[in-house]
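Heads up, the thing below is written out as structure tokens.
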Amino acid sequence: MKIKNAARNPLKILRITAMTLTVSVFTVIFLHAEPFSGWTAPLFTTFQAWPAVSLALSSAAVLAITAVIIIALVTLLFGRVFCSMLCPLGGLQDIFHSAGRKAGIKTRFSKPLHFLRYGILAALVILFTAGNGALLLLLEPYSHYGRITANLIKPAFLAGNNLAAGLLESMKIYVLHKNVLHSLSAILVIFSAVSLLLLAVSSFFKGRLFCNTLCPVGSLLGIFSRFSLFGISINNSCTECGLCASNCRAGCIDVKNRSVDKSRCVACFDCLSSCRFEALHYSAALPALSMHLPARREFIKNTVLMTAAFIPAAAAAAGFRLSKPDSNLCLPPGAESALHLQKYCTACHLCVSVCPTRVIAPAMGETGLSMLFLPRLDFKKGYCTYECTSCMQACPTGALKDLTLPRKKETRLGISRFIAHLCIVTIHETDCGACSEHCPTKAVIMVPYKGNLRIPLVRPDICIGCGACEHVCPSRAGKAIVVDGLSIHDRALPPESAPREPDRVEDRVEIKKSGEEFPF
Amino acid sequence: MDRREFFKKSLAVGAAVGAAAVLGNKEALFAAGKELKDKPVSVLPYDLVAVKNAGPAALFDAAIKAMGGMKQFVKKGQTVVIKPNIGWNVAPELAANTNPLLVKRVIEHCLEAGAKKVYVFDHTCDNWASSYKNSGIEAMVREAGGTMAPGHSESHYQAVDIPDGKKLTNAKVHELLLENSVFINIPILKNHSAANMTMAMKNLMGIVWDRWYWHSNNLHQCIADMPLWRKPDLNILDAYAVMRTNGPRGTSAKDVEIHKTLVMSPDIVAVDAAGALLFGRKPDKVNYIKLAADAGIGQLNLENLKIQRITL
């Protein structure tokens with residue numbers, strides 16, 4: 001397709017439209033505030049490259065496998081359009097890149113750093129297969145966007161929302177609601193902020209540098225796009241002015257050799273309208289079956305560098321997960337086990353963001369470095385709602401398996417344990433019962449104690465470890481009932497299988513059973 | 001007081017009031033809620049009305065007709081605040097929350113009697129958005145023309161004193177109840193693992209911010225103290241579907257017995273006494289009912305009251 005007029009570049013317009021939509025939708029998904037919490041768009045998160053692969057591997061979901069095939073096919077046909085149209089982190093980088101362009105920064109053709117790209121990709125694949133997803137967490141693009149939105153943008157957004165809601169509420173207008181933010185720690189904010197800063201700097205000056213060096217999705221899709229049917233090529237109208245190369249955010253146009261590196265081109269289509277001589281076009285050509293073989297010296301150098309890149313990356317990721325998680329750690333439903341979570345979770349924090357009671361919190365160092373940033377249940381903030389499956393429905397990688405509600409209701413996340421000497425009933429000898437009141441399965445019942453007082457009793461077989469009891473315990477001496485988390489989830493017995501709470505007989509009165517009368 | 005002192009004191013008062021207004025802290029300028037609510041009570045034909053054998057809306061229609069109509073409680077142009085039980089994020093079949101059809105009917109009567117605005121709220125136990133929605137009450141309130149008000153943030157509550165309280169001497173109460181409004185309490189009768197059973201007085205726990213204080217400072221005494229701040233103008237006890245066990249949340253619809261009954265009275269203790277008897281308990285053996293009756297909040301001996309019993 002030849003572009004006659006620089007102003008008319010329909011492919012570029014398509015790209016910008018698609019990317020604007022992608023960034024907007026992902027931002028809204030992560031901001032997730034009442035009363036607009038119904039605005040979820042699960043298809044968008046499923047069609048992210050790494051989450052689709054992960055979901056396909058962890059649960060063989062048909063939708064995930066379809067997404068993987070579609071993304072692979074699209075890349076084989078059209079090149080890395082995913083990177084320029086569907087990746088929210090790409091969109092974020094494009095914002096900084098545009099700012100850089102306006103400030104006069106020009107990019108240049110750079111040598112491909114194959115050792116870095118493929119070394120890291122190899123390390124990542126091997127570690128993931130071995131059960132360690134730590135390197136993924138550090139480099140996967142969708143998860144970075146999620147963390148940046150959930151931990152930097154959302155706090156600011158909610159502050160504004162709550163201020164506006166408060167003002168409207170004082171006028172008895174209830175269209176907006178106050179929302180509580182999820183658990184946020186300084187380390188997490190700093191980590192997200194540093195990621196954003198590094199990304200901002202690298203894209204301001206060098207465009208999609210991250211996408212063509214560290215990003216595993218970029219490297220993986222690059223392997224496919226190298227052989228894509230459609231691609232950017234340069235014809236003989238080219239005068240080697242270099243305008244296209246200085247507009248290329250991927251730094252992949254080699255003007256001297258009149259070639260475009262398809263493995264690094266992110267299909268932004270900017271170059272098509274930057275050329276004054278209509279020398280660039282996006283067209284179909286059978287992929288060259290004979291690869292350009294580098295000289296032997298070049299090949300050895302690349303192999304050595306790739307191995308060299310692989311080793312520190314692997315070591316860092318392996319060390320990251322060496323320590324065992326805290327045995328008391330309580331994991332969200334669907335996590336199945338700490339090991340399952342460590343393999344599949346990339347800490348995008350979507351579950352953290354959508355959890356209605358904010359019980360899901362990103363784990364920090366207190367639960368061992370191996371679970372850093374991964375979701376855990378913090379019963380100080382809330383408890384796992386009996387009727388809720390939001391986190392599992394949201395999780396795009398299959399780290400939290402999408403259990404049905406009945407199945408989730410019998411999944412044991414932990415087991416409650418009563419600590420008698422801290423209980424208000426033993427200390428003050430007055431009635432309490434807040435724990436049993438909130439228990440959705442009545443695993444915690446109230447049994448006779450002294451006089452007419454009743455004290456809690458836990459039936460562990462029907463306890464599902466939701467944490468409602470621990471969360472509501474009002475004892476100032478310390479929580480008198482706590483949940484011991486299970487590092488491997490198992491199954492609780494149904495609530496009916498345990499005997500009912502013993503009835504109170506001390507205040508019984510005969511009810512006239514005649515049906516027509518009132519007992520007074 | 002000389003002129004200088006007068007100016008100083010005026011400035012101080014002005015600054016204090018200005019600061020309070022600017023910071024948005026609408027501290028109730030009255031010490032106790034009682035002063036706000038001492039309205040002349042219209043003469044009612046009965047002290048308590050009990051109806052059985054119909055749907056929730058029809059039960060209320062019969063009850064309010066026997067009492068002389070909603071206009072006995074709601075005058076034209078007044079604001080009404082309704083406090084049902086919306087504590088739990090469960091479906092209506094579990095009878096853990098007030099029947100939504102009953103709430104709807106009460107709102108309709110209030111609006112017909114000329115109420116300017118009808119608000120409905122609860123400080124829910126479970127997550128507020130899910131409880132408001134899944135209880136079915138939010139939808140019915142909207143249909144009836146009422147307004148669901150939030151109660152999930154501390155900013156919605158204001159501190160008040162309860163000088164006659166034995167254990168509960170102050171509390172943060174929902175701001176809607178601090179204004180000159182009609183207060184209608186619509187509890188549901190059910191078993192309660194912590195308080196034995198829950199009815200009208202226990203339902204008042206949802207008008208305060210800090211429920212945990214009650215649990216850790218003699219629960220029954222706090223329940224009995226709360227009406228000392230402000231008694232609801234009318235209590236409508238929903239005994240249409242009664243959760244007999246595993247309360248207050250319930251584990252399944254198997255815990256529920258259909259009774260098709262409704263009890264109504266401005267006397268909160270009398271309503272609870274009637275509810276206890278309906279449940280099969282002696283009222284004076286339910287701790288908080290006895291404490292409240294002893295404090296003079298209401299009458300627990302139902303023989304002393306003029307009662308209208310209606311079987312439809």
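Only a predicted model underlies this, so the values are computations on that prediction, with no experimental measurement involved. Just so we're on the same page: letters track the sequence lines, and every chain starts at 1. Note: hydrogens, waters and symmetry copies are ignored here, and every other heavy atom, side chains too, is used.
Heavy atoms closer than 4.5 Å to chain A are found in both the backbone and the side chain of B:A50. Neither the backbone nor the side chain of B:L305 comes within less than 4.5 Å of any heavy atom of chain A. For B:K254, the part lying near chain A is the side chain, with the backbone staying farther off; criterion is any non-hydrogen pair under 4.5 Å. For B:A91, no part lies under 4.5 angstrom from a heavy atom of chain A. Looking at A:V472, both its backbone and its side chain come within 4.5 Å of chain B, counting heavy atoms on both sides. Contacts between B:W128 and chain A at a heavy-atom distance below 4.5 Å involve the side chain alone, from C-beta outward. Heavy atoms of B:H259 lying under 4.5 Å from chain A are absent altogether. For B:S153, the part sitting under 4.5 Å from any heavy atom of chain A is the side chain, from C-beta outward, and nothing else. No part of B:L94 comes within reach of chain A, as not one of its non-hydrogen atoms sits under 4.5 angstrom from that chain. Within the 4.5 angstrom heavy-atom criterion, only backbone atoms of A:T441 (N, CA, C, O) approach chain B. With a 4.5 angstrom heavy-atom cutoff, B:Y119 touches chain A only via side-chain atoms. Heavy-atom distances place the side chain of A:E496, and not its backbone, under 4.5 Å from chain B. Residue A:C473 does not touch chain B at all, counting heavy-atom pairs closer than 4.5 Å. With a 4.5 Å cut-off on non-hydrogen atoms, B:T147 touches chain A through its side chain but not through its backbone.
For the set A:P474, A:G166, A:A468, the entry with the most heavy-atom pairs within less than 4.5 Å of chain B is A:P474. Looking only at heavy-atom pairs under 4.5 Å with chain A, the residue among B:S155, B:C125, B:G87 that has the most is B:C125. Among B:R309, B:H152, B:E303, the residue with the largest count of heavy-atom pairs under 4.5 Å with chain A is B:R309. Top candidate by heavy-atom pairs under 4.5 Å with chain A, chosen from B:T245, B:L302, B:N127, is B:T245. Most heavy-atom pairs under 4.5 Å with chain B: of the set A:M446, A:R500, A:E429, A:H428, this distinction falls to A:R500. Note: B:N218 leads B:N134, B:N217, B:V90, B:N218 in heavy-atom pairs under 4.5 Å with chain A. For the options A:S436, A:P495, A:P440, heavy-atom pairs under 4.5 Å to chain B are most numerous at A:P440.
With ring centers used as reference points, B:H123 lies under 6.0 Å from B:Y157.
Around the NZ atom of A:K381, the shell of radius 6.0 Å holds more than 12 heavy atoms that belong to other residues, nucleotides or ligands.
Side-chain contact of B:D126 with A:Y383: a donor-acceptor pair under 3.5 Å is present, judged by distance alone. Using modelled atom types, one finds a donor on one side chain and an acceptor on the other under 3.5 Å when comparing B:T251 with B:N246.
With A:F518 as the aromatic partner, B:K52 meets the cation-pi criteria of under 6.0 angstrom to the ring centre and within 45 degrees of the ring axis.
The side-chain heavy atoms of B:T261 and B:V51, taken from C-beta on, include no pair separated by under 4.5 Å. Contact annotation: the side chain of A:P456 approaches that of A:C423 to within less than 4.5 Å [non-hydrogen atoms, C-beta and beyond]. Side-chain contact between B:S193 and B:P248 is present, with heavy atoms from C-beta onward closer than 4.5 Å.
Using a cut-off of 4.0 Å between Lys/Arg side-chain N and Asp/Glu carboxylate O, A:K409 and A:E387 are scored as salt-bridged.
Taken from CG in A:L405 to CD in A:E410, the straight-line distance is 10.5 Å, to the nearest 0.5 Å.
Under the 3.5 Å distance criterion, the side-chain polar atoms of A:K408 are matched with a main-chain donor or acceptor of A:C388. A distance-only check finds a donor-acceptor pair linking the side chain of B:R244 to the backbone of B:F279 [under 3.5 Å].
Each of A:N179, A:L184, A:L181 was checked for a side-chain contact (heavy atoms from CB on, under 4.5 Å) with A:K154, and the lone residue meeting it is A:L181.
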